[in-house]
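These notes concern the structure reproduced below.
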Amino acid sequence: MTSVLITRATFPDIAQRLRDHFEVEDNPNDTIWSADELKQRLHGKQGVMSHGSERIDAALLDACPTVKAVCNVGVGYNNVDVAACTARGVLVTNTPDVLTETTADLGFALMMATARRLGESERFVRAGEWNKGGIFDQFAGADVHGATLGILGMGRIGRAIARRGALGFGMQVIYHNRTQLDTATEATIGARYVDKATLLRQADHLLLVLPYSASSHHTIGAEELRLMKPTATLTNIARGGIVDDAALAAALKAGTIAAAGLDVFEGEPRIHPALLGLANVVLTPHIGSATIQTRRAMASLTVDNLIAALGAGPHAGKPPTPVNPDVLTTAQ
Ligand code: 8YV
């Protein structure tokens, strides 16, 4: 019988849809598996419902030659070596669209929390410090409304954030991306294209929403941070590794920029120790898409992809969101 692996805990009723078609091994206690354990569990299976926490690379595929489909829970798939999958005829799928607005909400929330110093304020209240007096500007942060919002990366999530800033908060929205949007789209979302240096220099609040790849590694390092305003905030909801976290910690300490909001980290779940010691950084554990509705939609789309990719269900052979659809054509 066809068998599949679910690498992380998921919604039982959604996993049941896989059980209706396949033999399923899952991970209900959400244990973090080592690469070796993942290899052992995947061996002999035809498909995997994987997450950003697992590296799916050539060595793993070679050790598990029966695998035909890697269905990743997430729009980003930098944890999967797509070229290695394609070369071996393995289909890769992701979960675009279903998480766009939810992730844009978190980006905006984290940017606001960073600008208005919610992390520091909350810790102050919890520590019972409020009654001890304080100065008028103690938690005075930076305005969000009317400020200049900079967006680096202008895909679906970037556009959803731009709309929030321009239409909801009266912000001037500038962006930089590999390709410029067409004029009509720019007008609809209220965003203006600038070069990267201008973006860094002019943004009051800079949000990173670009995908991670070898070419976007350390897109923001010491040099880029130096171009930013000392009053500016930086929010990263994209991927760890896009920011040089050590350089960011140094810049936050030196006052090169005012504050940072980080949902993703280099080498997460580990966090650079220098970041943990800073007051002017708001830290969240990669929760961009974390609402019940959206996480269910992501899991469900992944299950649709896996069922179809392995030739079962009403859409057999036609998974809804393939990353390397050429594999499907060559397989026919
Ligand atoms: C996921 C994400 O939670 O979609 C993405 O790319 O980073 C998140 O929404 C993560 O990928 C879990 O696998």
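Position 1 is the first residue of the sequence; numbering continues from there. In each ligand, atom 1 is the first atom listed, and ligand 1 is the first ligand listed.
- The closest approach between a heavy atom of R8 and any atom of ligand 1 is not below 4.0 Å.
- The shortest N/O to N/O separation between G74 and ligand 1 does not fall below 3.5 Å.
- Nearest non-hydrogen protein atom to atom 4 (O) of ligand 1 is V75 N, 2.7 Å.
- R116 CZ: 12 or fewer foreign heavy atoms inside a 6.0 Å radius.
- The option from N94, V73, T95, I157 that lies nearest to atom 10 (C) of ligand 1, judged by heavy atoms, is V73.
- A cation-pi arrangement is absent between R117 and F139 under the rule of less than 6.0 angstrom and at most 45 degrees off the ring axis.
- Checked by distance only, ligand 1 and M298 stay at 3.5 Å or farther apart across all their nitrogen or oxygen atoms.
- At the shortest separation from atom 2 (C) of ligand 1 among protein heavy atoms lies H286 NE2, 3.6 Å.
- Given atom 3 (O) of ligand 1, the protein heavy atom at minimum distance is R295 NH2, 3.0 Å.
- Taking the six-membered ring where the residue is Trp, Y175 and Y193 present perpendicular rings, their angle passing 60° and hence far from 30°.
- With no hydrogens or angles considered, no side-chain donor-acceptor pair links T188 and T185 at under 3.5 Å.
- Neither side chain, T7 nor N27, offers a donor N or O lying under 3.5 Å from an acceptor on the other.
- Judged by distance alone, the side chain of D204 and the main-chain N or O of T148 form a donor-acceptor pair under 3.5 Å.
- For ligand 1, the polar-atom distance check finds an N/O of S289 within less than 3.5 Å of one of the ligand's N/O atoms.
- No part of N72 comes within 4.0 Å of ligand 1, judged by heavy-atom distances.
- Polar contact with ligand 1: absent for L99 (N/O pair, distance under 3.5 Å).
- Taking only nitrogen or oxygen atoms, main chain and side chain alike, R239 reaches within less than 3.5 Å of ligand 1.
- At a threshold of 4.5 Å between non-hydrogen side-chain atoms, the residues N72 and N79 count as touching.
- Donor-acceptor pairing under 3.5 Å is lacking for the side chains of D97 and T100.
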